[in-house]
Amino acid sequence: MALYNNRIVVKVGTSTLTNDSGKSDLRATDRLVCTLADIQNMGYEVILVSSGAIAVGRNKLNMQSRPDSSTMRMKQAAAAVGQCSLMYLYDKFFGDYDKTVAQILLNAEDIEQEEKKENLTNTFNALLEMGVIPIVNENDSVSYTEIESEDRLFGDNDMLSSVVAVLCRAKRLVILSDIDGFYDSDPRLHPNAKLIEQIDTIDESVYSLAGGAGSRRGTGGMRTKLQAAQLATSNGIDTIVTNGKRPEALYDIVRGGKAGTLFTGKL
């Protein structure tokens, strides 16, 4: 089926939404929300896939100092509290720009079962038709496998954002990271690392450059972003990895300009 040229999925990670002490970065959130609201005003349909619930919940509950803060039940409790706080912030900031948001929480089985998948697609389409901005997250309070497992299906929501982009037939997927894009080596370890502006084929040689996990506050490394890009591009969706601290790059992206690394979509 054809893609919607004016439909864009934006994924934002924990490292963009929180500061170095793990608290909500309100200025970064506001700048992101302002840009997304503006892009919708330009005629685009916007879907936001947002991480951050566990980090925000842990901070609100002062869990870092608790001895059992890393257990599964405590992580799920943190997700439940954090999801509330996160949606409150989004509702407030988007409301400042006269936008209405909706919350969609997903588990892996929601995508795997055909009936649920169809219902989801219908819900997304109905919301977008009404000018609502859906905000999507993994349902961490229920889905323990996604928090716990080594090879998670959604991995810090990178893969989730790709699945949502495919489900909604978006033309573009933008993954906001804590670095400027995909490099030929880790720029945090190698000062001479070079940004790769465009990748047309994701093969083993590209995966070999990806390295390990992500930042201290986020769990999604470059490898999960490659896996997400591979799924999206195989469905014809252009995928861009760029720096979440500069959400203004989204203006260039929707106009077809360069920002970060473009993985070209192919059917």
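- Minimum interatomic distance between Asn19 and Ser24 (heavy atoms only, all atoms of both residues): ND2-O, 4.2 Å.
- Pairs of residues two or more places apart, or lying in two chains, that qualify as salt bridge (Lys or Arg N to Asp or Glu O under 4.0 Å) and include a residue from residues 93-108 are Lys92-Asp96.
- Between Ser177 and Thr16 the shortest heavy-atom distance is O-OG1, 3.8 Å.
- Contact of the Gln230 side chain with the Tyr207 side chain is registered, since non-hydrogen atoms from C-beta on lie closer than 4.5 Å.
- Looking only at side-chain heavy atoms (C-beta outward), Asp200 and Lys266 come within less than 4.5 Å of each other.
- Listed here is the closest heavy atom pair of Ala53 and Leu86: N-CD2, 3.8 Å.
- Qualifying side-chain contact (heavy atoms from CB on, under 4.5 Å) partners for Asn192, counting only residues two or more places apart in sequence or in other chains: none.
- Contact record, Thr14 with Gly52: OG1-N, 3.3 Å, taken as the closest heavy-atom pair.
- The backbone N or O of Gly131 sits less than 3.5 Å from a side-chain atom of Gln40, completing a donor-acceptor pair.
- Inspection of the Asp203 and Thr201 side chains reveals no N or O donor paired with an N or O acceptor under 3.5 Å.
- Follow the hydrophobic side-chain contacts under 4.5 Å out from Leu26 and you reach Ile135 in the same cluster.
- Taking the side chain as every heavy atom from C-beta outward, Met130 and Thr100 never approach each other to under 4.5 Å.
- One finds the CD1 atom of Ile175 at 8.0 Å from the CZ atom of Phe263 (value rounded to the nearest 0.5 Å).
- Val241 has its side chain out of reach of Phe182: every pair of non-hydrogen atoms, C-beta onward, lies at least 4.5 Å apart.
- Distance alone, capped at 3.5 Å, is enough to place a donor-acceptor pair between the Thr261 side chain and the Ile196 backbone.
- Counting only residues at least two apart or on different chains, no side chain to side chain donor-acceptor pair (under 3.5 Å) pair has a member in residues 159-176.
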Q: Step by step, work out the side chain to side chain contact (heavy atoms under 4.5 Å, CB included) result for Met87 and Val101.
A: CA-CA 9 Å; Met87 281 308 297; Val101 297; 4.2 Å; yes

Q: Evaluate the criterion side chain to side chain contact (heavy atoms under 4.5 Å, CB included) for residue pair Ile104 and Leu127; output intermediate values, then yes/no.
A: CA-CA 11 Å; Ile104 295 182; Leu127 290 168; 4.0 Å; yes

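- Here the CG atom belonging to Leu173 is positioned 11.0 Å from the SG atom belonging to Cys168, to the nearest 0.5 angstrom.
- Remark: Asn122 engages no residue in a side-chain hydrogen bond (donor to acceptor under 3.5 Å, both in side chains) (not counting sequence neighbours).
- Here OG1 of Thr18 is found 11.5 Å from CZ of Arg58. Values are rounded to the nearest 0.5 Å.
- The side-chain hydrogen bond (donor to acceptor under 3.5 Å, both in side chains) check on Ser85 picks up Lys60, with sequence neighbours excluded.
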Q.
What verdict does the side chain to side chain contact (heavy atoms under 4.5 Å, CB included) test give for Asp25 and Lys245, after you've listed the backbone C-alpha separation in whole Å, the side-chain angles of each residue and the deciding distance to 0.1 Å?
A. CA-CA 10 Å; Asp25 187 333; Lys245 294 298 184 187; 3.3 Å; yes

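- Residue pairs meeting the salt bridge (Lys or Arg N to Asp or Glu O under 4.0 Å) criterion with at least one partner in residues 40-56, sequence neighbours excluded, are Arg7-Glu45.
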Using atom types as modelled, flag every donor-acceptor pair under 3.5 Å from a side chain in residues 248-256 to any protein atom, sequence neighbours excluded.
residue	atom	partner	partner atom	Å
Glu248	OE1	Arg31	NH2	3.3
Glu248	OE2	Arg31	NE	3.2
Glu248	OE2	Arg31	NH2	3.1
Tyr251	OH	Asp38	OD2	2.7

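- When side chains are defined from C-beta on, Glu112 does not count as touching Lys117, because their heavy atoms never get closer than 4.5 Å.
- In this structure, the side-chain contact (heavy atoms from CB on, under 4.5 Å) partners of Val166, at least two apart in sequence or on a different chain, are Leu231, Asn235, Ile237.
- Nearest heavy atom pair, residue Leu176 against residue Gly244, reads CB-CA, 3.7 Å.
- Taking the side-chain contact (heavy atoms from CB on, under 4.5 Å) definition, one finds that Gln113 meets it with Glu109, Lys116, sequence neighbours left out.
- Here Leu209 contributes atom CG and Met222 contributes atom CE; the two are 11.0 Å apart, rounded to the nearest 0.5 Å.
- Here the side chains of Leu128 and Tyr4 are not in contact, with every heavy-atom distance at 4.5 Å or above.
- Taking each heavy atom of Leu195 and Gly181 in turn, the nearest pair found is CD1-CA, 3.6 Å.
- Evaluation of the side-chain hydrogen bond (donor to acceptor under 3.5 Å, both in side chains) rule for Asp30 yields Tyr97 as partners, not counting sequence neighbours.
- Looking at residues two or more places apart in sequence or on another chain, you find a side-chain hydrogen bond (donor to acceptor under 3.5 Å, both in side chains) between Ser50 and Tyr90.
- The CD atom of Glu138 sits 9.0 Å away from the CG atom of Asp110 when rounded to the nearest 0.5 Å.
- Applying the salt bridge (Lys or Arg N to Asp or Glu O under 4.0 Å) rule to pairs touching residues 227-243 yields nothing, sequence neighbours excluded.
- Leu106 places none of its side-chain heavy atoms less than 4.5 Å from the side chain of Val163.
- Separating the CD1 atom in Ile47 from the CG atom in Leu167 is a distance of 8.5 Å, to the nearest 0.5 Å.
- Under the side-chain contact (heavy atoms from CB on, under 4.5 Å) rule, Phe93 has a single partner from Leu36, Val33, Leu32, which is Val33.
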(Q) side chain to side chain contact (heavy atoms under 4.5 Å, CB included), that's the test. Do Lys11 and Ser51 meet it? Break it down for me. (A) CA-CA 8 Å; Lys11 184 262 175 179; Ser51 300; 3.9 Å; yes

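- Counting heavy atoms from C-beta outward, Asp158 and Gln227 have side chains that stay 4.5 Å or more apart.
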